[in-house]
Amino acid sequence: MTIAPQPPVAVGVGLPWDVPVDDPVAALAEARRELGDTFVVDSGDDRYLFTFSPEGVAGFYALPEEQASKGVADWRMLRRKLPDEVFVGRRTLPHQLFGRDDVAAHLDNVDRALETTVAELGTSGEADVFALTRRIGHRVGLASWGGPGAAGGARFEQLVAALDTLDAAESFVHPDAMAAVAASGKEAERHALAVVEELIGQGLAELPGAEAEHPLFARVAAAWADEASGERTAGMALDVTLIHVASMSNLFAALGWALVDLLEHPVEVARLRAGDRARAEACALESTRLAQRSIMARYVLAPVSLDVGTAVLEVAAGVTIATLLPLTNTSAAPGLDAWEPDRWNRRRLADVGALPVPELVTAFGHGRHTCPAQPFSLAAMTRATTCLLDRFDLEPAWAGHPGPVRAQIGGVARAGRACLVRYRARPT
Ligand code: HEM
């Protein structure tokens with residue numbers, strides 16, 4: 001796994017799947033301070049080439065998938081948590097869910113999920129922001145692709161419990177826990193898959209006549225229609241599982257941070273309550289940018305060149321090329337460490353000229369792998385924040401801005417502690 005010319009190696013630095021690291025993002029920031037913008041980390045059996053230089057990050061997003069694969073890098077991460085069968089033979093993939101009609105249907109489900117959430121909350125009480133938004137995420141997802149009966153009642157609760165056990169994001173939110181998952185032979189995850197299969201089977205039995213209300217589930221069912229009943233349900237359950245866990249990787253956490261940030265900025269709450277949708281979207285983007293803790297990775301399948309500014313590196317197959325959003329998003333230009341929705345002009349930074357290259361800052365990615373769910377996610381966040389602020393007075397019970405889970409390296413941050421909010425219904 002050669003890289004020529006060879007950048008400096010971060011001696012004594014490992015990644016949390018291989019060695020205990022309290023805060024991997026801080027450890028890599030320290031390595032960058034010592035070694036400069038481009039360096040190598042050898043961890044376990046893997047070699048990582050980290051780059052943070054303007055040329056390196058811009059080049060990273062331009063890497064061709066055939067030579068430097070995001071799909072393979074993601075799979076190598078997520079398989080630490082999910083059983084292999086989840087990745088084999090999928091017929092409906094997360095990328096395929098965000099056509100114009102699909103998004104309209106998902107957004108109807110967002111509205112329904114929000115009405116159910118408002119009813120569940122009642123007139124007053126206390127809730128954890130991230131538990132609340134996670135439940136909304138499950139409800140929207142399962143209404144969109146879980147089939148009849150999946151978004152309410154006992155079946156919803158059972159699906160949530162099983163899909164939480166299958167939460168692939170644990171591979172990057174709690175990378176330190178993956179050794180225990182491997183040691184268990186993924187027993188809990190396999191049991192959860194069996195539960196999902198049973199429940200998806202119940203939904204399939206109820207599908208005839210309900211296809212119009214469940215178009216996506218009907219599409220998954222059609223993709224497996226040529227199989228015998230047992231194989232069909234098993235294949236559908238795996239399709240739905242992969243779609244659902246992908247949808248739960250970032251959205252509910254980003255929505256949680258949007259609420260946290262808004263509650264810390266009462267002036268913005270007033271603007272949203274006055275109906276300023278564009279402002280709500282700018283706030284959502286800004287919270288997502290600041291909460292990014294993503295490692296962006298490409299696994300080299302065939303030798304590839306990467307210009308990092310100081311050199312053009314020839315990178316051999318087997319290396320993982322990576323950059324970390326938390327190290328560039330908040331520091332690529334002065335002032336980026338502050339929450340400031342004004343910096344967004346629609347979905348772009350207003351002052352992109354202040355950056356050496358635009359790729360140094362992002363919420364949803366750049367280039368060919370840009371998140372296909374960005375329009376849906378921003379619309380969902382806008383609706384959810386606006387609805388909750390319209391319907392409730394919310395008073396944060398936390399002191400000081402909450403921080404992330406320190407062990408996390410990937411995705412939008414999860415909160416390192418409970419973020420309780422006291423709420424009271426507003427007069428309608
Ligand atoms: C606020 C919510 C979200 C954020 C911040 C987010 C962020 C991102 C980012 C940064 C990337 C690019 C990663 C890279 O280049 O390595 C990405 C890609 C992707 N996202 Fe999202 N995402 C969100 C919601 C979702 C949802 C709800 C789904 C639904 C399943 C989804 C599915 C995907 C897929 C399939 C890709 C890969 C696209 C490709 O490889 O071409 N995302 N996302």
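Numbering of ligands and ligand atoms starts at 1, following listing order. Along the sequence shown, residues carry numbers from 1. It should be emphasised that the depicted structure is a prediction, and the values quoted were computed from it without experimental measurement.
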**Message:** Check Arg414 with Glu170, please: is the shortest side-chain N to carboxylate O separation under 4.0 Å?
**Reply:** no
Tabulation required: pairs of a nitrogen or oxygen in ligand 1 and a protein nitrogen or oxygen under 3.5 Å; columns are atom names and distance to 0.1 Å; otherwise 'none'.
from	atom 1	to	atom 2	distance (Å)
ligand 1	15 (O)	Arg298	NH2	2.9
ligand 1	16 (O)	Arg298	NH1	2.8
ligand 1	40 (O)	His369	ND1	2.8
ligand 1	41 (O)	His369	ND1	3.3

**Message:** Between Asp111 and Arg383, does any NZ, NE, NH1 or NH2 come within less than 4.0 Å of an OD or OE carboxylate oxygen?
**Reply:** yes
**For Ala162 against Ala192, the heavy-atom pair lying closest together** = O-CB, 3.5 Å
**Prompt:** What class does the angle between the rings of His244 and His138 fall in, given that below 30° is parallel, 30 to 60° is tilted and above 60° is perpendicular?
**Reply:** parallel
**Message:** With side chain to side chain donor-acceptor pair (under 3.5 Å) as the test, pick out the partner of Arg112 among Thr116, Asn109, Asp108.
**Reply:** Asn109
**Asked** Can Glu286 and Arg289 be counted as an ion pair, charged N to O under 4.0 angstrom?
**Response** yes
